[in-house]
Amino acid sequence: MSDAQQPQVKPPLPYDQQLNRFKERGLIVSDDSEALEILKRVSYYRLTAYALTFKKNDIFTPGTTFETIYRHYEFDSKLRNILMEIIEHVEIAFRTHIAHEIANNFGPLGYQNSSHFRNLINHETFINELTKSIDKSKDPFIEWHRTRYQGQFPSWVAFEVLTFSSISMLYKNLLLDNQKSIAKTFYRGLDYTEISNWLHLLSVVRNRCAHYSRLFNQSLSLDIKFRSIDRNLDITNRTLFAVIFNLKYLIKDSIWITWVTKLEALITEYREVDIRLLGFNEEWHRLLEKK
């Protein structure tokens, strides 16, 4: 297709026309000036994603207001923030446990030897990603080891620059005995295959949060594994709540209780948000209690 045949990308609509598009589809706007300010900060296209829940055949259900859409956006934003906060504890804990598990069993540089892992190709990919991260890092502890030890980085130093996705893939590629050893440090009876599944899904959720992607009314693309004692509970798979439910097994009790209180406060603040669209049910608070 020649340049002349390429479809022309149109410039974005002016903010007042964006607001009119909402109105034409039946959205109630009580304060045009405030709505325009929100559109300038958030963007029409981001808000449209939240508006989909309240539409049928591209028309808003009767009574839907601009404030309703924006309140759902706010709820989602705050939910991402507190999720990042709790997932951070898991990320740091697994980074630490994996680094020490490898060092204690295979030596400070044992992560460089593919025989200490399940899959050679996955190990090569890991080493390439780790090398790139180290090369880009300007962290003082990296610079110090680069100068003092001629670029030899023990696992507990090198792994500090890993992304959560890399940590998840690294755990999955550990030898079985090492996976089981780490699993035992978190919660009695946890299975290494469950943890591997949870870490992968947590990395997906974390990436959504980090890139400000929508969590509300979004399903996950991978089935979530549950412990045998939890498989008969009324929890919908591939939902955010299912991820949060399993997260409780990876968090220290005192930290978890404080976080659940924050979650409850957020849900109370935004009572109009239908949390069932995130997989929550009426028993959600009880389900999140530690056992």
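Because the structure is a prediction, the values reported are computed rather than measured.
Distance check, rounded to the nearest 0.5 Å: CG of Asn217 to OG1 of Thr53 gives 4.0 Å. From Gln218, atom CD reaches atom CG of Leu220 across 9.0 Å, with rounding to the nearest 0.5 Å. From Asp230, atom CG reaches atom CD of Glu194 across 8.5 Å, with rounding to the nearest 0.5 Å. Taken from CG in Leu202 to CG in Asn197, the straight-line distance is 9.5 Å, to the nearest 0.5 Å. Between the CD1 atom in Ile244 and the CH2 atom in Trp284 there is a gap of 9.0 Å [rounded to 0.5 Å]. Interatomic distance, Phe245 CZ to Ile224 CD1, rounded to the nearest 0.5 Å: 11.0 Å.
Using a 3.5 Å distance cut-off with no hydrogens or angles, the side chains of Asn128 and Glu124 do not pair a donor with an acceptor. Between Ser196 and Thr193, the side chains place no donor N or O within less than 3.5 Å of an acceptor N or O (distance only, hydrogens not considered). Inspection of the Thr261 and Thr258 side chains reveals no N or O donor paired with an N or O acceptor under 3.5 Å. Using a 3.5 Å distance cut-off with no hydrogens or angles, the side chains of Thr65 and Thr68 do pair a donor with an acceptor. In the model, Ser115 has a side-chain atom that pairs as donor or acceptor with a side-chain atom of Asn113 under 3.5 Å. Looking only at atom types and distance, the side chain of Glu129 has no donor-acceptor partner in the side chain of Ser166 under 3.5 Å away.
The salt bridge (charged side-chain N to carboxylate O under 4.0 Å, His left out) test applied to Asp274 returns Arg276, not counting sequence neighbours.
The number of heavy atoms from other shown groups lying within 6.0 Å of CD (Glu67) does not exceed 12. Within 6.0 Å of CZ on Arg41 lie more than 12 heavy atoms contributed by other residues, nucleotides or ligands. Annotation: Tyr45, atom OH; neighbour count of heavy atoms from other residues, nucleotides and ligands within 6.0 Å is above 12. Within a 6.0 Å radius of NZ in Lys23, more than 12 heavy atoms belonging to other residues, nucleotides or ligands are found. Heavy atoms from other residues, nucleotides or ligands lying under 6.0 Å from CD of Glu143 number more than 12.
A 4.5 Å side-chain heavy-atom check between Ile69 and Phe54 finds at least one atom pair inside the cut-off. Thr131 is not listed as a side-chain neighbour of Phe126, based on a closest heavy-atom distance of 4.5 Å or more.
The ring of Phe94 has its center closer than 6.0 angstrom to the ring center of Phe186. Note: Tyr111 and Phe117 fail the aromatic proximity criterion, with ring centroids not under 6.0 Å apart. Taking the ring centroids of Tyr149 and Trp144, they lie under the 6.0 Å cut-off.
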One pair to check against side chain to side chain contact (heavy atoms under 4.5 Å, CB included): Glu272 and His72. What are the steps and the verdict? CA-CA 8 Å; Glu272 68 269 44; His72 279 71; 4.3 Å; yes
Please walk me through it: do Lys252 and His89 pass side chain to side chain contact (heavy atoms under 4.5 Å, CB included)? CA-CA 9 Å; Lys252 185 178 177 182; His89 290 282; over 6 Å; no
Going by atom type alone, with no hydrogens or angles, which donor-acceptor pairs under 3.5 Å involve a side-chain atom of residues 168-176 and a protein atom two or more places apart or on another chain?
from   : atom 1 : to     : atom 2 : distance (Å)
Ser168 : OG     : His200 : N      : 3.2
Tyr171 : OH     : Gln179 : O      : 3.0
Asn173 : OD1    : Asn119 : N      : 2.8
Asn173 : ND2    : Asn119 : O      : 3.2

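A salt bridge is absent between Arg214 and Asp76: the closest approach of a Lys/Arg side-chain nitrogen to an acidic carboxylate oxygen does not fall below 4.0 angstrom.
In this structure, Trp259 contributes its side chain and Glu85 its backbone to no donor-acceptor pair below 3.5 Å.
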